[in-house]
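Here the structure is a predicted model, which means the values were calculated and not measured.
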Amino acid sequence: QVLLAESGGGLVEPGGSLTLSCAASRITFNLYAMGWYRQVPGKQRELVAIITRDGNINKADSVKDLVTISRNNVQNTVYLQMNSLKIEDTAVYYCYAQAGRTGPDYWGQGTQVTVVS
């Protein structure tokens, strides 16, 4: 089965930094766009950042200056580095993989990020 294993979530103080990792198994990783989404209770799941197989990056305007997404095609891992975290960044962060615009897609189970003083 396809597995997207997220890690790196936890508690962080406002203004702090955190790096999330997503290790993919049982997919041809370099053929997939990889991304991060986040969701809080009662709200829509929203895009944080996506990096395509060609390295093109799309980020939400609200985080574009504070978030860096990268991928390692040898380790089959995508990373999300977040700086200057705020209370409103608290959410469950989900790893996402898609084989092109019409190919199959997969979601991780999510990792909790809690920003609290």
Side-chain angles (χ1 to χ4, degrees):
Q1 293 290 325
V2 172
L3 175 64
L4 303 178
E6 300 120 326
S7 62
L11 296 173
V12 62
E13 293 185 350
S17 299
L18 206 61
T19 298
L20 307 181
S21 300
C22 174
S25 301
R26 299 184 180 91
I27 63 172
T28 305
F29 185 79
N30 65 323
L31 298 181
Y32 282 75
M34 301 296 301
W36 291 93
Y37 289 72
R38 66 185 181 186
Q39 188 170 26
V40 299
K43 296 184 178 180
Q44 286 266 6
R45 187 173 299 182
E46 65 176 1
L47 170 72
V48 179
I50 286 178
I51 181 167
T52 71
R53 56 189 290 185
D54 298 320
N56 187 45
I57 293 172
N58 183 38
K59 295 187 287 186
D61 289 339
S62 61
V63 301
K64 61 182 180 181
D65 295 326
L66 305 173
V67 166
T68 300
I69 187 169
S70 60
R71 64 190 295 162
N72 186 320
N73 289 344
V74 175
Q75 298 294 325
N76 291 356
T77 303
V78 62
Y79 303 93
L80 184 72
Q81 180 180 335
M82 300 182 289
N83 300 319
S84 301
L85 285 163
K86 302 178 290 292
I87 299 295
E88 51 263 41
D89 295 316
T90 296
V92 177
Y93 285 72
Y94 295 91
C95 182
Y96 175 74
Q98 182 172 23
R101 301 182 68 178
T102 60
D105 55 12
Y106 306 97
W107 292 93
Q109 292 185 350
T111 183
Q112 177 72 46
V113 173
T114 302
V115 185
V116 61
S117 179

Test log, rule side chain to side chain contact (heavy atoms under 4.5 Å, CB included), inputs Glu88 and Val115: CA-CA 8 Å; Glu88 51 263 41; Val115 185; over 6 Å; no
Would Thr111 and Val92 count as a side chain to side chain contact (heavy atoms under 4.5 Å, CB included) if you check the C-alpha gap in whole Å, the side-chain angles of each, and the deciding distance to 0.1 Å? CA-CA 5 Å; Thr111 183; Val92 177; over 6 Å; no
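Two residues are said to be in side-chain contact when any heavy atoms from C-beta on lie closer than 4.5 Å; Asn56 and Ile50 fail this criterion. No side-chain heavy atom of Asn76 sits under 4.5 Å from any side-chain heavy atom of Arg71. Between Tyr93 and Leu80, some side-chain heavy-atom pair lies under the 4.5 Å cut-off. Looking only at side-chain heavy atoms (C-beta outward), Ile69 and Gln81 stay at 4.5 Å or farther from each other. Between Trp36 and Val78 the shortest side-chain heavy-atom distance falls below 4.5 Å. Between Thr90 and Val116, the closest side-chain pair of non-hydrogen atoms is not below 4.5 Å.
Taking all atoms of both residues into account, the shortest heavy-atom contact from Ala49 to Val67 is CB-CG1, 4.4 Å. Between Gly110 and Glu6, the closest heavy-atom pair is N-OE1, 2.8 Å. For the residue pair Cys22 and Met34, the shortest heavy atom distance occurs at SG-CE, 4.4 Å.
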Cut-off 3.5 Å, no hydrogens considered: what does the side-chain donor-acceptor table look like for residues 24-32, sequence neighbours left out?
{"unit_1": "Arg26", "atom_1": "NH1", "unit_2": "Gln1", "atom_2": "O", "d": "3.2"}

Can I get a per-line list of side-chain donor-acceptor pairs under 3.5 Å for residues 94-105, giving both atom names and the distance, sequence neighbours left out?
{"unit_1": "Tyr96", "atom_1": "OH", "unit_2": "Gln98", "atom_2": "OE1", "d": "3.0"}
{"unit_1": "Tyr96", "atom_1": "OH", "unit_2": "Asp105", "atom_2": "OD2", "d": "3.2"}
{"unit_1": "Gln98", "atom_1": "NE2", "unit_2": "Gly100", "atom_2": "O", "d": "3.1"}
{"unit_1": "Gln98", "atom_1": "NE2", "unit_2": "Arg101", "atom_2": "O", "d": "3.1"}

Show which side-chain atoms of residues 11-20 pair as donor or acceptor with protein atoms under 3.5 Å away, not counting sequence neighbours.
{"unit_1": "Ser17", "atom_1": "OG", "unit_2": "Asn83", "atom_2": "OD1", "d": "3.0"}

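Taking hydrophobic clusters as Ile, Leu, Val, Met, Phe, Trp and Tyr residues chained together by side-chain heavy-atom distances below 4.5 Å, Met82 shares a cluster with Val63. Linking ILVMFWY side-chain heavy atoms closer than 4.5 Å, directly or via other members, places Leu47 and Tyr106 in two distinct hydrophobic clusters.
Other residues, nucleotides and ligands contribute at most 12 non-hydrogen atoms within 6.0 Å of the CD atom of Gln109.
To the nearest 0.5 Å, atom CZ of residue Arg45 and atom CD of residue Gln39 are 4.5 Å apart. How far CD1 of Ile57 is from OG of Ser70: 8.0 Å, rounded to the nearest 0.5 Å.
Not counting sequence neighbours, the partners of Arg38 by the salt bridge (Lys or Arg N to Asp or Glu O under 4.0 Å) test are Glu46, Asp89.
Clustering of Ile, Leu, Val, Met, Phe, Trp and Tyr by side-chain heavy atoms under 4.5 Å joins Leu66 with none of the others.
Applying the ring-ring contact (aromatic ring centres under 6.0 Å, His included) test to pairs two or more places apart or on separate chains, none has a residue in residues 61-92.
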